[in-house]
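The structure appears right after this line, and notes come after that.
These numbers come from a predicted model, not from an experiment. To find a chain, count down the sequence lines: A is the first, B the second, and so on, and within it residues start at 1.
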Amino acid sequence: MNNYLDPYRDTGLLHLWAERLQKYQGKPLKLMEVCGTHTMAIARYGIRTLLPERIRLVSGPGCPVCVTPSYYINSAVALARRPETIVATFGDLMRIPGDEGSLLEAKSLGADIRVLYSPLDALKIARDNPERQVVLLSVGFETTTPIFALAIDKASQEGLNNFTVLSANKTMPEVLKVLAGDPTVGIDGYLYPGHVSAIIGTRFYEELAEKYGVPGVVAGFEPLDILTAVAALSEICNEGRHTVRNLYTRVVKPEGNPRAVQAMERVFEPADAVWRGIGRISGSGLAIREEYARYDAWKVFDLQIGEYSEPEGCRCGEILKGTKSPGDCPLFGTRCVPENPVGACMVSSEGTCAAHYKYGGIR
Amino acid sequence: MRMCLAVPGKVTEIKGKTAIVEIMGVLREASLELLEDVKVGDYVILHAGCAIEKLDEAEALKTIELFKELKDIYHE
């Protein structure tokens, strides 16, 4: 079927850009993308195989499911086991291993867990089951969080009293700063996530370029979007310019989507957050505001945030920072596989290790 | 369903705050509550049941032209 995405996948132009990139003679560069959809697209289209040796493209902590700590899954499993609750979630959270199994295992043992397409669908489940408690699992970055905020706001307007949200939402700016300022990571430039940028805009990236000297390019998700963004970013880095270029202008505006940001800020406030594989980062997460506390599952069910630890031998922390590749991990492809993931990067199909496992292209 | 995936689609119908969006021939319902002034015929980016941004057709065509131009990608 001929469609509007074809021009963004033009094979002739892809070859042309790959040839141009192969001629790159500048300094060696390490570029980082921070978006699960970029991770998948780069692996799927074999973008790395088109890049010269001198340009290394690594995947950062761009998969929100992957960076969700195991205590969150433990709390979700504990809630799912209560006979009065229905847990509503995106499908990618189902297989993440917790200390007492995954949500998928809990479901197979009889827990009522519903997989959703949209957080807004959880409201209907709550309306249809007034005698049960519906807990919506809320994980995501700025692209997804406004939709969770919308669900909470609607529940509040309707006065739903059997609906709560277990939130572990995170935001991009603080983790980008941490990685930009870490000399062991050594990032030359960021390939910015198109749909997070659609919400938050591009102004923060300018600050990052000026203060941390890390330039960036906002990129879409089609192969030509990514390849041309890598070409532009390589040039900007090589010339030592501290600038930001938006190459996804068909969706991303400098100011982002103010209405979505307002929805998010009305319901959520900044909080510290633990990133699986990286650790605690101040102000890098979101918590439900006090005004909406009756919808906050952490408070309503008095859940405790548990200890945070990583599985033995797992290299996810270094992989999420781009200092190691999946192939460097002794567990990759042996003990840690998509059907039975050990580490954060294998748990979601958008994780670095899962994408490498499925499509190859490791370098 | 992969939670992060967001895809472009065309608005074919609007009922109150909800739109019907066509994605490669498949029709889906989408909330319009995070956007202003969406009209039938507009392209939007659909994510988890919500339209999160409009797709600017003029910019979309400009980008396709950019792909053909070496110098314009490198410098604004």
Side-chain angles (χ1 to χ4, degrees), chain A residues 1 3-5 7-8 10 13 16-17 20 35-37 40 62-65 90-93 115-121 139-141 143-144 146-147 150 154 194-195 198-199 220-221 224-225 228-229 231-232 235-236 243 245 247-253 256-257 259-260 263 348-350, chain B residues 1-12 16-19 21-38 41-76:
Chain A
M1 182 174 126
N3 70 64
Y4 46 78
L5 291 174
Y8 300 91
D10 185 293
L13 283 174
L16 197 70
W17 280 100
R20 281 172 183 171
C35 169
T37 309
M40 280 286 284
C63 163
V65 173
F90 283 128
D92 15 9
L93 282 169
V115 173
L116 302 180
Y117 163 66
S118 169
L120 301 173
D121 297 340
V139 166
F141 291 126
T143 319
T144 320
I147 307 169
L150 205 57
K154 279 168 167 289
H195 293 142
I199 306 296
F221 300 94
L224 266 170
D225 283 324
T228 53
E235 204 64 24
I236 290 170
T243 54
R245 179 92 156 95
L247 286 178
Y248 195 37
T249 50
R250 61 187 186 277
V251 173
V252 175
K253 296 196 271 297
N257 178 346
R259 199 167 163 136
S348 161
S349 60
E350 296 194 339
Chain B
M1 139 93 207
R2 292 196 293 118
M3 61 180 290
C4 284
L5 196 69
V7 290
K10 190 176 191 175
V11 176
T12 59
K17 293 173 181 170
T18 305
V21 181
E22 188 204 322
I23 304 156
M24 309 273 177
V26 178
L27 300 179
R28 288 223 82 123
E29 261 192 20
S31 162
L32 295 177
E33 286 160 286
L34 296 177
L35 287 178
E36 282 168 32
D37 305 327
V38 179
D42 285 349
Y43 283 87
V44 292
I45 298 290
L46 191 62
H47 172 61
C50 253
I52 56 163
E53 190 50 276
K54 279 200 259 188
L55 205 142
D56 186 318
E57 281 191 73
E59 290 292 335
L61 295 172
K62 228 193 269 179
T63 302
I64 293 167
E65 287 308 307
L66 267 184
F67 291 154
K68 299 171 188 165
E69 290 294 330
L70 184 66
K71 61 182 192 323
D72 293 340
I73 285 279
Y74 288 149
H75 294 281
E76 267 179 272

Practice prompt. May I ask you to decide if Ile52(B)'s main-chain N or O and Asn257(A)'s side chain share a donor-acceptor pair within less than 3.5 Å?
Written response: yes
Worksheet entry | Aromatic Tyr43(B) / basic Arg250(A) pairing, under 6.0 angstrom, 45° off normal | no
Worksheet item: Which pair of heavy atoms, one from Leu120(A) and one from Ser31(B), lies closest together, and at what distance?
Response: CD1-CB, 3.8 Å
Item to complete: Name the region of Leu224(A), side chain, backbone, both or neither, that has any atom closer than 4.5 Å to a heavy atom of chain B.
Response: both
Fill in: Distance in Å, Glu36(B) CD paired with Arg259(A) CZ, rounded so as to fall on 0.5 Å steps
4.5 Å
Worksheet item: With a 4.5 Å limit on heavy-atom distance, are the side chains of Lys62(B) and Thr249(A) in contact?
Response: no
Worksheet item: For Glu59(B), does the CD atom sit with more than 12 other heavy atoms under 6.0 Å from it, leaving out its own atoms?
Response: yes
Worksheet item: Atom CG of Asp56(B) and atom OH of Tyr248(A): how far apart are they, to the nearest 0.5 Å?
Response: 12.0 Å
Worksheet entry | Heavy-atom closest pair, residues Ser118(A) and Ala48(B) | OG-O, 2.8 Å
Worksheet entry | Electrostatic pair Glu53(B)-Lys253(A), nearest N-O below 4.0 angstrom | yes
Worksheet entry | Heavy-atom pair count under 4.5 Å with chain B, highest-scoring of Ile199(A), Asp121(A), Leu5(A), Ile147(A) | Ile147(A)
Worksheet entry | From Leu13(A) atom CG to Lys68(B) atom NZ, the distance as rounded to the nearest 0.5 Å | 7.0 Å
Discussion item. On a heavy-atom basis, which atom in Ala260(A) and which in Leu34(B) lie closest, and how many Å separate them?
Written reply: CA-CD2, 4.0 Å
Worksheet item: Side chain, backbone, both or neither: which part of Ala263(A) has a non-hydrogen atom closer than 4.5 Å to chain B?
Response: side chain
Worksheet item: For Ile45(B), is it the side chain, the backbone, both, or neither that has a heavy atom closer than 4.5 Å to a heavy atom of chain A?
Response: side chain
Practice prompt. Check Glu33(B) against Leu150(A) and note the closest heavy-atom contact, atom names and distance.
Written response: CB-CD2, 3.8 Å
Discussion item. Given heavy-atom pairs under 4.5 angstrom as the criterion, report whether the side chain, backbone, both or neither of Asp10(A) touches chain B.
Written reply: neither
Fill in: Heavy-atom check, side chain of Leu247(A) versus side chain of Leu66(B), under 4.5 Å
yes
Worksheet item: Closest approach of Phe67(B) and Tyr8(A), non-hydrogen atoms and distance?
Response: CE1-CD2, 3.5 Å
